[in-house]
Amino acid sequence: MEEKSKVLIIGATGRLGYHLAQFSLQFGHPTYILIRDSSLNDPNKAQKLNFLSTAGAIPLKGSLEDENSLMEAVKQVDVVICSIPSKQALDQKLLVKVIKESGCIKKFIPSEFGVDPDKIQIYNLVHRFYAGKTEIRRLIEAEGIPYTYICCNLFMGYLLPSLAQPGLKAPPRDKVTIFGDGNAKAVFVKDVDVAACTINAIDDPRTLNKTLYLRPQGNVYSINELVAMWENKIGRELENVHVPEEELLLKIKESSYPDNLEMIFIYSAFVKGDHTYFDIDECGVDGTELYPHLKFTTVSEHLDTLV
């Protein structure tokens with residue numbers, strides 16, 4: 001049997017990073033996790049680190065700001081996965097430099113795990129959010145580093161629990177706002193499912209230097225379809241309030257960044273259709289086709305937990 005790649009995970013105490021480390025271990029990869037000294041002082045992070053270490057993960061002291069510790073960690077593995085928050089994307093610059101100089105990494109999976117920044121149609125509205133990701137992509141490609149970009153669009157914990165209603169934390173039960181014509185489709189994937197797919201892609205040559213997209217059949221819905229599904233689950237019709245595209249744009253422009261991010265993401269997903277307007281086969285690979293054995297939690301199953 002082919003030997004499993006050795007994997008370094010950066011951000012293993014985060015929500016997604018923790019799942020990535022768990023699946024890496026579960027799938028038999030020698031798994032290393034980069035940890036800061038400060039992580040040991042956080043009870044929640046310390047608990048996660050203890051669990052992962054007990055399960056077989058190898059902790060390595062270091063940080064994205066320390067070149068020596070990064071080089072020491074990177075030289076021990078074949079694959080690097082970074083799962084730091086999107087707003088910290090540029091913190092990967094030194095890591096890219098170290099990966100290039102090490103010459104031993106056969107695949108780098110940078111911190112993406114969202115909408116494809118090269119496909120976004122509202123770049124002028126949210127330049128600061130996506131600029132870091134696009135800059136890191138271009139740097140990786142310019143250095144000739146083998147990569148896989150993971151684009152899962154939105155995690156189920158964001159926007160879906162409110163049916164994309166700004167300011168709400170739970171689905172509405174009386175009235176609901178429909179943005180635009182309500183027909184553009186968004187994609188929601190549970191973070192644990194994203195992690196499982198990512199680890200499957202590590203040693204898969206079909207994903208080398210490709211963008212891997214996730215659009216599971218039961219996870220792609222327009223806001224009209226989400227509202228209809230929710231009404232069926234709660235047994236009542238909601239009052240619909242329609243907000244045209246122009247009105248939503250005006251609200252976005254009248255608000256300051258980052259306070260308007262929620263509305264920007266709604267506009268991107270449910271008005272412009274940034275998750276689904278393009279054909280995956282023309283620009284990447286479809287994770288649900290590559291790994292048909294994986295079961296993805298559906299939008300309907302997630303909404304069942306909110307009834």
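FYI, side chains are in, hydrogens and waters are out, and symmetry mates aren't considered; it's all heavy atoms of this structure.
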Look at the side chain of [X] and the backbone N and O of [Y], then say whether any donor-acceptor pair between them is shorter than 3.5 Å.
X	Y	answer
His29	Val7	no
Arg236	Arg173	yes
Asn224	Ile178	no
Gln92	Ala89	yes
Gln88	Pro85	no
Ser102	Val74	no
Gln165	Thr177	yes
Thr198	Val194	yes
Asn260	Ile252	yes

Does the pair Thr288 and Gln217 meet the rule for a side chain to side chain contact (heavy atoms under 4.5 Å, CB included), with working shown?
CA-CA 9 Å; Thr288 57; Gln217 188 174 0; over 6 Å; no
Considering only heavy atoms from C-beta outward, does the side chain of [X] approach that of [Y] to under 4.5 Å?
X	Y	answer
Val77	Ile105	yes
Phe296	Leu214	yes
Lys61	Leu40	yes
Leu226	Leu160	yes
Lys253	Leu125	yes
Pro110	Lys133	no
Lys119	Cys283	yes
Asn200	His293	yes

Run the side chain to side chain contact (heavy atoms under 4.5 Å, CB included) check on Lys233 and Ser300 step by step: do they pass?
CA-CA 9 Å; Lys233 290 182 183 297; Ser300 179; 2.9 Å; yes
Which atoms form the tightest heavy-atom contact between [X] and [Y], and what is the distance?
X	Y	value
Phe155	Phe188	O-CD2, 3.9 Å
Ala186	His275	CA-ND1, 3.5 Å
Leu70	Ser63	CG-O, 3.3 Å
Leu306	Trp230	O-CH2, 3.5 Å
Asn209	Pro146	OD1-CA, 3.4 Å
Leu212	Thr148	CB-CG2, 4.2 Å

According to a hydrophobic-cluster definition based on side-chain heavy atoms being under 4.5 Å apart (Ile, Leu, Val, Met, Phe, Trp, Tyr only), do [X] and [Y] belong together?
X	Y	answer
Ile109	Ile140	no
Val189	Ile120	no
Ile280	Tyr277	yes
Val98	Phe108	yes
Ile234	Val227	yes

Return each pair, listed once, that meets salt bridge (charged side-chain N to carboxylate O under 4.0 Å, His left out) where at least one residue sits in [range]; pairs must be two or more places apart or across chains.
range	value
residues 136-152	Glu112-Arg137, Asp116-Arg137, Asp118-Arg137, Asp118-Arg138, Arg138-Glu141
residues 257-275	none
residues 42-52	none

Report the distance from atom [atom1] of [X] to atom [atom2] of [Y], rounding to the nearest 0.5 Å.
X	Y	atom1	atom2	result
Leu163	Tyr221	CG	OH	12.5 Å
Leu8	Lys6	CG	NZ	12.0 Å
Cys197	Ile202	SG	CD1	11.0 Å
Ile199	Thr31	CD1	OG1	7.0 Å
Ile136	Ser111	CD1	OG	9.5 Å
Tyr267	Gln121	OH	CD	9.0 Å

Between Val176 and Glu231, does a side chain to side chain contact (heavy atoms under 4.5 Å, CB included) hold up when you go through it step by step?
CA-CA 11 Å; Val176 62; Glu231 288 176 332; 5.7 Å; no
Of the options Tyr123, Phe265, Tyr257, which is the one that meets Phe129 in a ring pair (Phe, Tyr, Trp, His ring centres under 6.0 Å)?
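Passing option: Phe265.
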Does [X] have any side-chain contact (heavy atoms from CB on, under 4.5 Å) partners at least two apart in sequence or in another chain, and if so, which?
X	result
Glu289	Asp286
Lys295	Glu301
Asn50	Thr54

Mutual orientation of the aromatic rings belonging to Phe23 and Phe27 [parallel < 30°, tilted 30-60°, perpendicular > 60°]:
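Because their plane-to-plane angle lies in the 30° to 60° range, the rings of Phe23 and Phe27 count as tilted.
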[X] [atom1]: over 12 foreign heavy atoms closer than 6.0 Å:
X	atom1	result
Lys75	NZ	no
Glu65	CD	yes
Glu72	CD	no
Glu237	CD	no

Quick one: do Lys106 and Asp203 make a salt bridge, cutoff under 4.0 Å?
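Judged by the 4.0 Å cut-off on N to carboxylate O distance, Lys106 and Asp203 do form a salt bridge.
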Side chain to side chain donor-acceptor pair (under 3.5 Å) between Thr207 and Lys107, worked out:
CA-CA 10 Å; Thr207 67; Lys107 183 175 287 185; 2.6 Å; yes
Show your working on side chain to side chain contact (heavy atoms under 4.5 Å, CB included) between Glu67 and Glu101 and close with a plain yes or no.
CA-CA 11 Å; Glu67 184 171 356; Glu101 291 179 357; 3.8 Å; yes
